[in-house]
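Please read the structure below before turning to the comments.
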Protein chains: 2
Amino acid sequence: MTRYLDVQHMRQLCARVGIAELLRRIAAAIEADFRRWPDFEKSPRIARYAREGVIELMPVADRSHFGFKYVNGHPGNPRHGLPTVMAFGVLSDMHTGYPLLLSELTLTTALRTAATSALAARLLGRPDARCMAIIGNGAQSDFQALAFMTLLGVRALRLYDIDPAAMRKLADNLCAVCAASGMPPPEIRLCGSAREAAAGADIVTTLTAAQARAEVLTPDMLVPGLHVNAVGGDSPGKTELHRDILKNSKVFVEYLPQTRIEGEIQQIPELNATELWNVLNGTRPGRTSEHDITVFDSVGFALEDFSALRVLFELSSALEIGSQLDLIATPDSPKNLFGLLLHAPSEPSPDKACALTPCM
Amino acid sequence: MTRYLDVQHMRQLCARVGIAELLRRIAAAIEADFRRWPDFEKSPRIARYAREGVIELMPVADRSHFGFKYVNGHPGNPRHGLPTVMAFGVLSDMHTGYPLLLSELTLTTALRTAATSALAARLLGRPDARCMAIIGNGAQSDFQALAFMTLLGVRALRLYDIDPAAMRKLADNLCAVCAASGMPPPEIRLCGSAREAAAGADIVTTLTAAQARAEVLTPDMLVPGLHVNAVGGDSPGKTELHRDILKNSKVFVEYLPQTRIEGEIQQIPELNATELWNVLNGTRPGRTSEHDITVFDSVGFALEDFSALRVLFELSSALEIGSQLDLIATPDSPKNLFGLLLHAPSEPSPDKACALTPCM
C-alpha cells in the first residue's frame, strides 16, 4: 500500500517533531541532495498556463527514487477562498515504480522553500547577518522568518506589506510560535514601505505576488554587503528586482535551465549566474567580500521537494503518522489484472461455457 | 476536498456500470476529445529510466481542465509480485489549480488502452472484421479482447502466448465475463505460435512485453486487408514489428512527436505516419482499400487518460462512489497558511509577548 499524509497528518507531524526541528531536517536533506547534484536526472518543470495561473509538474530522480510535485500558482484564488499555491507529491521506488508515499505538499512547499532560502543565505550572506527585512507578508512569510531565525540565528525582523492586516498576521504568528515553543521572540518592526524595511537589514527577502515585471527593490535601496533572498517572482513575466540589481551583484540559482526561464535573471539572458550546488561543493566561489551584494534568485526546484518527501517518508514511518492508500491494483497473479474486475474476492470462478478449440 | 477512487472503488464502479458499458463510455470520451485535438496543449511524456524500467508523467490540458497520469513500466515486477504497469492520476480545474479527482489508473489504463485500440480498429480495419489474433496474453489482453467484442463485434479470438498458463487465464476470464454478463461467448482458439494465431485473423493485436527490438510479427505472416493493433512496444528500444511491415502498410499514431521516440516507427525515422485525430475529422485518409494493411502504432497518449479521468469523475460523482481526501491545505484565511501549524482548530490564540515597534 502507499503511505498517505494528508493535511491533518502533516499538522500532527509538525506538532510531534516541532516546526524548527522539521526545518532543520529538511534543510539538512536539501543540502545533502544538492551536494550530490550529478546523481540526479534533472529538467525544467512542465507548466500548463491558463489565464488565471499555472499548473506545474516537477519530477526528479536518482537511481533509487523518483519524486514529483504537482503545484499551482493562481494569484486570484484568495478571492475564491483558496490559497494561491496548492501542492501534493509522490515519492516512488525507481527499481519497481511503486509509489511509496503520497503527501500534501502545500505546507511542505512553504517549509522547503524557506529551508532552501536559509541554506542559501547561510552560504552566501555575511556571517554576522542578524536582521532581515521581509517584503510581502503573505502565506510564505511566516515560514521564511522561522527558517532564518532557526537556521541563521536572525533576531530582528523588519516587515512590510501593502496590506497592514498581513503584517499584523505575520507578527502575531511569530509571537505565538515563540511563546508556544519557548524560542526567544525576535524584535519585530512594522514598516511603512519596502524602502524603510530594507534600510538597516543584513538580508532582504522579497515574497510578493508580483504578476508583472515589478520593482519591489531598486538599486538605491541596497547597500554593500547585503544578501537578497528573491523568492516571489517565479515564472515568465513575474519579477521583483530592478534589473540593475542583477548587474551589480553576484547571482546564485538552483537549476540554471529552469531559472533562466522563470527567475529574476530572465530579465538579462546573458547574465552570469552560479548554481548553488557548486558553491556547496566549493567548486565555485560564493561571497568573496563583505562588500559583495549577493542575490539568491529562488524559483523552486524539484530536488527540494524530493528531499522534503524523503524526510516526510522517514519521519512518518518512524512516528507511525499517516494512513495507507489502496491506490495501486496489485492482483495476486500479476498477469491477471482483469481478475480484479471479474469477481469479488470470495466468489468462486464461474463454469467454463465457451467453445475452446486448441490448435495443438 | 478531492474526490478519491481507489482500487476497491474502481471495482465497485465497474460492477455498477458494467465493464462493457464503461468501455463504451471511455471510447466515446476519447473520440470526442481526439476530435477537438487542437484544444489541448500537448507534449511527449516525461520519462525517467532506471535499469529495471521507466517511470513517466503524462500531462495534458485544455482551457478548463488539467490531467496527468503517473505510470511505470518494469517488466521484471511480476517476479516481485507486482504488476509490470501501475498507474494513478489526477484531474484538476485549470481555473483554480484545484485537484478534483485522484484515481487509481492501473485498471483504468488497461480500459482506455483497449478502448483506443478498438476505436482505431473501427476506424481503420475492414468493416467486416470479426476475428482477432491476440499475441501476448498478459495483463492487458483481457481488456483488449472485451473492447473489440463490445465495440467492433469481434466474435472469434485466436490466442498465443509463450506461457500456456497465460493463454488459459485469458480464455477462462473471457468465458467467465460472458457467463456473468449474458454476453454471447466468443469462439476461442489456443494456438501454438504467433504465426498460427495471425493466420486467418482480420485483426492482429500484439501485446508482448518486448524488452528489445523483437520481431513478433514478420511481413510473411500478414495478408492484404489486415489491421495490426501494435500495442506492446511503447518505449525506445522496445518494438514488436519487423520494420518491413511498416514500409508496406499505412501507419497511424496518436501523437506523432511522442510516437517517433517510443513507437514502432522509431525504427524508420523518416516514415510517413498519420495522427488518428486527422482521420477522425476526415482531414486525412485512413484505409483506402480492402487490400491495405493498416497499422495502429499504439504507445499510449496523455489525452486518453484525460478522457478516462473525465468519465470516472462524472460517473463516480453521479453514482456516489469513492471518498474524499483532505489533500490540499485550505486555511480559512488564504494568506495565513502558517496558522494551520500554529494551533489545533479549537485552541485560542496565545497572548502576544513580542517587542513590536511600529515605524508609523
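None of these values were measured; they are calculated from a predicted model.
With rounding to the nearest 0.5 Å, the separation of CG in B:L5 from OG1 in B:T108 is 8.0 Å.
Contacts between A:L170 and chain B at a heavy-atom distance below 4.5 Å are absent for every atom of the residue. Interface residue B:S43: backbone and side-chain heavy atoms are both found under 4.5 Å from chain A. For A:N173, the parts lying near chain B are the backbone and the side chain together; criterion is any non-hydrogen pair under 4.5 Å. Only the side chain of B:I46 comes within contact range of chain A, with at least one heavy atom under 4.5 Å from a heavy atom of that chain. For a residue to count as touching a neighbouring chain, one of its non-hydrogen atoms must lie under 4.5 Å from one of that chain's; by this rule A:A87 touches chain B with the backbone only. Contacts between B:Y98 and chain A at a heavy-atom distance below 4.5 Å involve backbone atoms as well as side-chain atoms. In this structure, chain B has heavy atoms under 4.5 Å from both the backbone and the side chain of A:L325. If you measure heavy-atom distances from A:P99 to chain B, the contacts under 4.5 Å come from both the backbone and the side chain. Residue A:V54 does not touch chain B at all, counting heavy-atom pairs closer than 4.5 Å.
Residues of residues 12-21 of chain B placed with any heavy atom under 4.5 Å of a heavy atom in chain A are listed by number as B:C14, B:I19.
In this structure, A:R155 has no side chain to side chain donor-acceptor pair (under 3.5 Å) partners at least two apart in sequence or on a different chain. Every residue two or more places apart in sequence or in another chain that forms a salt bridge (charged side-chain N to carboxylate O under 4.0 Å, His left out) with A:D62 is listed here: A:R36. Scored by the salt bridge (charged side-chain N to carboxylate O under 4.0 Å, His left out) test, B:R45 finds B:E56, B:E262 as partners (sequence neighbours excluded).
With 3.5 Å as the limit, one finds a donor-acceptor pair spanning the side chains of B:N72 and B:H74.
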From CA spacing to verdict: side chain to side chain contact (heavy atoms under 4.5 Å, CB included), B:L340, B:L337: CA-CA 6 Å; B:L340 287 175; B:L337 180 65; 4.2 Å; yes

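At distances below 3.5 Å, at least one donor-acceptor pair connects side-chain atoms of A:N336 with backbone N or O atoms of A:G339.
Here B:F306 and B:F68 keep their ring centres 6.0 angstrom or further from each other.
Of all non-hydrogen atoms in A:I55 and B:S92, the two that sit nearest each other are CD1-CB, 4.1 Å.
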